[in-house]
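Working notes, structure below.
From a predicted model like this one, the values you see are computed outputs, not experimental measurements.
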Amino acid sequence: MRKASQKSKKHPQQRGRRTITLYKDAAPAREPGPKAPELAPAYEAAVVEDKIYQAWEKSGYFNPDNLPGAAKRQPFTIMMPPPNATGTLHIGHAMFVTLEDLMTRFNRLRGRAALWLPGTDHAAIATGTKVEKIIAKEGLTKYDLGREGFLKRVNEFVAGSQATIRKQIRKIGASCDWSREAYTLDAPRSAAVIELFRRMYEDGLIYRGYRIVNWCPRCESTLADDEVEYKEEPAKLYYMKYGPFVVATTRPETKLGDTGVAVHPDDKRYKKWIGQTITVDFGIGPQEIRVITDKSVDMNFGSGMVGLTPAHSAVDFKMAEENGLPIKKVIGEDGKMTALAGKYAGLPVVEARAKFVADLQAKGLIEKIEDLQHSISVCYRCGTVVEPLTSRQWFVDVNRPIKQRGGRSLKRLSLEVVRKHKIEILPDRFEKVYFHWMENLRDWCISRQIWFGHRIPVWYCQGCYVEEEEASRPDMEMETKRHIGLFVGAKPPKHCPDCGGTTWVQDADTLDTWFSSGAWTFTTLGWPNKTKDLKRFHPTQVLETAYDILFFWVARMIMMTEYALGEVPFEKVYLHGLVRDEQGRKMSKSLGNIIDPLDVAAKYGTDAVRLSLVIGTSVGADAKISDEKIGYFRNFTNKLWNISRFIIMSCGNSERQGPSIRPSGSLVEEHVVLARAERSGVEGRAGFQGGPIKRPTAKTLADRWILGRLDAVVRSVTVDLEAMNFSRAGETLRDFTWNELADWYLEIAKIEKGKEKILPFILLEILKLWHPFMPFVTEEIYQRVFAKGKGDMLMIQSWPTFAKASVGTAMINNEFTTVQEIITALRNIRAEYKVEPGKRVDATVIAGAKAALVKREAEIVRGLARVEKLEIVAKGKKPEKAATAVVRGVQVFVPLGTLVDTDAERARLTAEIAEAEKYRGSLAGKLANQDFISRAPAAVVAGERAKLAAQEDKVSKLKDQLTALG
RNA sequence: GGGCGCAUAGCUCAGCUGGUUAGAGCGCUGUCCUCACACGACAGAGGUCGAAGGUUCGAAUCCUUCUGCGCCCACCA
């Protein structure tokens with residue numbers, strides 16, 4: 001026993017204490033008697049969680065292969081979205097860990113071979129940028145370190161991040177299989193990525209081309225289309241004299257690269273120029289400009305004429321392609337003007353613009369300058385303005401028919417599986433978003449000019465490889481032909497098959513990080529090897545992630561998996577929302593509103609954090625979270641703990657094993673024995689050690705009610721969890737646990753004895769139901785109360801089953817509700833008349849046909865409403881000087897003698913009658929409506945009739961009471 | 001410019017394919033340290049379900065329009 005046990009609970013300092021303390025002193029309410037094995041009065045999450053997690057991990061049950069009866073279990077697989085190895089996890093990660101763990105535990109309890117495979121993502125650009133920032137503090141750049149040196153630093157950083165992330169994921173209680181942990185850049189994944197690249201290259205799905213790409217000058221790399229974000233900014237619109245025309249532009253300096261000008265085909269102003277070539281000179285010599293038409297040109301914007309810069313605008317590039325215009329690249333990868341920009345060569349873009357505009361103005365070539373709001377494209381990682389430019393890069397062709405996939409392209413395959421509902425996206429509105437994105441998908445630029453990542457597995461023979469000249473126009477066909485002196489794969493042969501040369505140089509670029517994470521569901525299972533895991537656990541069942549990653553990752557996985565395996569990567573996509581603060585703002589460092597999952601877990605317990613992330617949040621919707629909300633669920637955790645504590649105290653016997661139950665600590669060897677709780681024995685198939693408790697026999701109305709309610713709750717929670725309606729399942733459970741079990745049944749158990757079988761049964765059932773939501777506290781209670789030695793764990797028990805509701809159930813519920821309402825009515829009267837809580841009052845109940853029921857349950861009514869003498873009659877004289885109530889046709893009287901304020905009581909009754917009559921009137925009106933009678937379903941009409949009858953009864957009884965009052 | 005989502009009690013949200021006098025938690029008011037829990041118990045107050053039309057015997061729920069927030073996509077040079 002701890003010293004704290006000496007402290008009296010009624011210590012003055014504790015009186016009325018409302019401040020939240022982290023862990024209340026474990027102070028038993030009374031001297032521990034020999035027959036009162038106890039838990040600490042407050043659940044101590046911090047003491048328990050790590051030990052429990054270690055025990056789970058040690059048990060090996062996170063690995064589905066080790067589960068009892070593993071071979072016969074049907075697999076259930078979730079691949080963890082690998083967090084970026086860029087540091088630490090935030091509360092948004094806690095959200096996915098919670099939801100995925102919930103699904104995993106639920107399915108494990110339901111007898112599935114649950115595999116939740118964890119891992120991390122190397123997150124190429126993001127991680128590289130992060131390390132660049134770190135070394136910048138040492139005054140270093142990546143060029144100072146060189147490729148090898150820089151990568152060494154990155155790898156060290158990643159190792160640190162991974163260690164942190166692993167710890168954090170464990171802390172949140174994740175029951176993932178660490179033995180299968182993967183990393184997008186580890187050896188098996190790297191080999192798989194090379195193989196995937198090789199196959200796609202052979203199938204013509206990967207090609208090298210000179211195309212326009214999004215270039216981030218800061219990252220010095222290309223970006224995929226979806227890695228570009230848009231930002232509204234004020235800008236200037238310059239009207240430039242442009243040969244015989246005037247052209248409006250926000251980027252004057254790019255005009256040096258113009259090779260054409262486009263007008264709307266219907267624009268009469270320029271009719272005679274169409275097809276002509278004009279010559280302009282912006283000060284760097286003559287430029288040949290051809291006039292073309294395109295119906296995307298807005299006649300009303302600017303001058304109705306668009307200067308075309310094929311090398312630096314995706315739109316212009318497309319028009320140039322269609323019209324055979326030359327490409328003139330005036331901005332280089334370094335963000336500076338190229339030699340083709342004449343005297344502006346070498347100047348950074350912004351400077352070049354200023355100088356160019358000044359020069360034009362000096363020559364009177366700027367007609368006017370307007371202000372406008374302009375959306376500019378920026379890098380999603382660093383916010384730098386993205387420079388579109390032409391460059392030789394590697395692309396994935398999304399439109400090329402794939403022979404072994406029935407001639408369907410990546411795009412078509414990816415659209416089809418969702419259209420045919422082989423993949424279901426939740427919430428389904430995201431399907432539309434997905435279709436729209438996929439339909440408009442362009443070839444995916446996968447090469448990045450950064451060092452950290454999967455090096456492109458392409459080798460160039462120095463002896464015979466000849467780089468094509470930068471084509472003045474793109475020629476897609478040329479790009480897909482096999483190239484002399486080029487090898488694709490992990491390692492080139494010693495001798496070049498084309499020239500016999502021995503010097504190979506590997507492509508300097510790396511792959512887009514999403515290329516490897518797009519293959520996550522199958523590379524984690526051993527692909528390209530035909531492993532047992534791949535056969536058993538793929539396709540996975542659920543992919544759970546945030547909606548903001550739908551395109552980046554979810555879509556890519558669908559594409560890559562359909563190509564590599566010809567099957568879907570997952571059956572369902574569950575998209576959760578973003579976690580926001582209590583004011584609905586995004587969490588950010590600058591706002592200082594970041595909630596660290598580990599901080600709040602330390603403060604309130606992990607289970608409370610988990611509950612606050614699940615309950616009250618729904619699929620696809622952003623979730624608000626606050627200390628207050630987590631605090632509420634901490635209270636609930638403690639409630640569950642105390643429910644168990646009560647059940648142990650009232651059902652445990654003195655034959656418990658071991659000397660005592662430690663008030664803190666976890667996974668104690670000794671545990672409370674609920675000796676009279678029979679067990680039905682060891683379950684054969686799975687070979688569980690614990691085994692379920694036999695369903696007990698109900699003896700009283702309350703027993704029948706609570707068992708019926710439990711059945712209904714098991715059913716509804718099971719249905720909701722299957723439908724991934726986690727919040728509702730949690731709410732149902734909470735309402736049952738708190739409002740029905742604790743507030744009613746446990747109170748009744750203090751009056752009706754003989755619950756030694758039924759209470760442990762209910763406790764074990766709700767522990768199982770709660771376990772996926774709050775694994776720590778439920779496991780801890782299980783260990784203390786039910787576990788039969790080591791290795792017997794709640795996490796591998798079997799999910800509760802339920803008896804079907806019957807007509808009897810409805811009747812029982814009805815009867816019990818009547819008793820509840822009588823009790824509430826009595827309590828209400830007591831509260832209204834401010835009767836001291838401890839004081840017992842007398843009461844009379846005129847119950848009509850329900851007299852027998854009330855008589856049977858009289859002890860409960862007396863106990864819960866603190867009634868001394870309870871008179872129950874079917875019919876009888878109304879007591880005088882009594883406060884009254886009518887519930888469910890039962891009249892309740894509390895004779896309070898002089899306490900009763902007759903006038904007040906009369907006023908109250910009059911008001912109640914008025915209200916009841918109003919409702920009766922509306923019901924009567926409804927039933928007088930012939931249309932309602934004839935058109936509404938018979939059941940509805942019958943229901944309304946019953947309500948009317950009840951309401952009429954109520955009105956008449958209230959009137960009787962008013963009369964009786966005199 | 002397209003598309004989507006959300007508007008229900010002071011706050012956060014439930015309310016499935018239309019059928020009780022619209023629910024919960026927090027907060028609020030009152031009483032209570034009742035022997036599981038003050039991280040608690042009991043009782044209570046509080047909403048014309050964003051607005052206007054429409055469909056229907058019946059609408060928070062379906063349709064139309066509008067208003068206010070929020071998000072996504074897009075090549076206005």
Side chain proximity check, A/Arg866 to A/Lys839, heavy atoms < 4.5 angstrom: no

A/Arg827 side chain near B/rA43 phosphate (N/O to OP1/OP2, under 4.0 Å): yes

Proximal nucleotide (of B/rG5, B/rA43, B/rG25) relative to the A/Ala831 side chain: B/rA43

Main-chain N/O of A/Glu868 paired to A/Arg862 side chain as donor or acceptor, under 3.5 Å: yes

Distance test, side-chain N/O of A/Asn635 to OP1/OP2 of B/rG40, below 4.0 Å: yes

Ion pair A/Lys750/A/Glu747, N-O distance below 4.0 Å: yes

Proximal nucleotide (of B/rU21, B/rG25, B/rG19) relative to the A/Gln951 side chain: B/rU21

Sugar-phosphate, base or nothing in reach of A/Gln930, heavy atoms under 4.0 Å: nothing

Test log, rule salt bridge (Lys or Arg N to Asp or Glu O under 4.0 Å), inputs A/Lys947 and A/Glu944: CA-CA 5 Å; A/Lys947 274 188 255 171; A/Glu944 295 300 301; 2.5 Å; yes

B/rG25 OP1/OP2 closer than 4.0 Å to side-chain N/O of A/Lys629: no

Inter-nucleotide P distance (B/rG5, B/rG44), Å rounded: 40 Å

Distance-only donor-acceptor test, A/Lys639 side-chain atoms vs B/rC39 base atoms, 3.5 Å: no

Nearest-nucleotide comparison on RNA chain B, the residue closer to the 5′ end among A/Arg580 and A/Ser644: A/Ser644

Touch class at under 4.0 angstrom, heavy-atom based, for A/Ser618 against every strand present: sugar-phosphate

Polar side chain donor-acceptor pair, A/Asp627 to A/Tyr604, under 3.5 angstrom: yes

A/Glu731 side chain to A/Ser727 side chain, donor-acceptor N/O pair below 3.5 angstrom: yes

Side-chain donor/acceptor of A/Asn642 to backbone N/O of A/Pro41, under 3.5 Å: yes

Sugar-phosphate only, base, or nothing, as touched by A/Arg830 at under 4.0 Å among non-hydrogen atoms: nothing

Residues A/Lys318, A/Glu321: salt bridge by 4.0 Å N-O rule: no

Sugar-phosphate only, base, or nothing, as touched by A/Ala742 at under 4.0 Å among non-hydrogen atoms: base

From B/rC37, B/rU21, B/rC39, nucleotide with atom closest to A/Ala42 side chain: B/rC39

5' priority, RNA chain B, between A/Thr824 and A/Lys947 [closest heavy atom]: A/Lys947

Under 3.5 Å side-chain donor-acceptor pair for A/Tyr380 and A/Glu227: yes

Sugar-phosphate, base or nothing in reach of A/Lys750, heavy atoms under 4.0 Å: base

Sugar-phosphate only, base, or nothing, as touched by A/Glu832 at under 4.0 Å among non-hydrogen atoms: nothing

Sugar-phosphate, base or nothing in reach of A/Trp738, heavy atoms under 4.0 Å: sugar-phosphate

B/rU20 phosphate, OP1 or OP2, under 4.0 Å from A/Lys926 side-chain N/O: no

Sugar-phosphate only, base, or nothing, as touched by A/Pro427 at under 4.0 Å among non-hydrogen atoms: nothing

A/Val887 side chain reached by A/Thr824 side chain, heavy atoms, under 4.5 Å: no

Under the 3.5 Å Watson-Crick or G-U criterion, the dot-bracket string of RNA chain B, with | for inter-strand pairs: (((((((..((((.....[...)))).(((((.......))))).....(((((..]....))))))))))))....

List every contact pair, protein side and nucleotides 73-77 of chain B side both N or O, where the distance is under 3.5 Å.
unit_1 : atom_1 : unit_2   : atom_2 : d
B/rC75 : OP2    : A/Tyr230 : OH     : 3.4
B/rA77 : OP1    : A/His374 : ND1    : 2.8
B/rA77 : OP2    : A/His374 : ND1    : 3.3
B/rA77 : O5'    : A/His374 : ND1    : 3.3
B/rA77 : N6     : A/Asp298 : O      : 2.4
B/rA77 : N6     : A/Phe301 : O      : 2.9
B/rA77 : N1     : A/Asp298 : N      : 3.0

Sugar-phosphate, base or nothing in reach of A/Thr637, heavy atoms under 4.0 Å: nothing

Pair of N/O donor and acceptor under 3.5 Å linking B/rC39 base with A/Arg634 side chain: yes

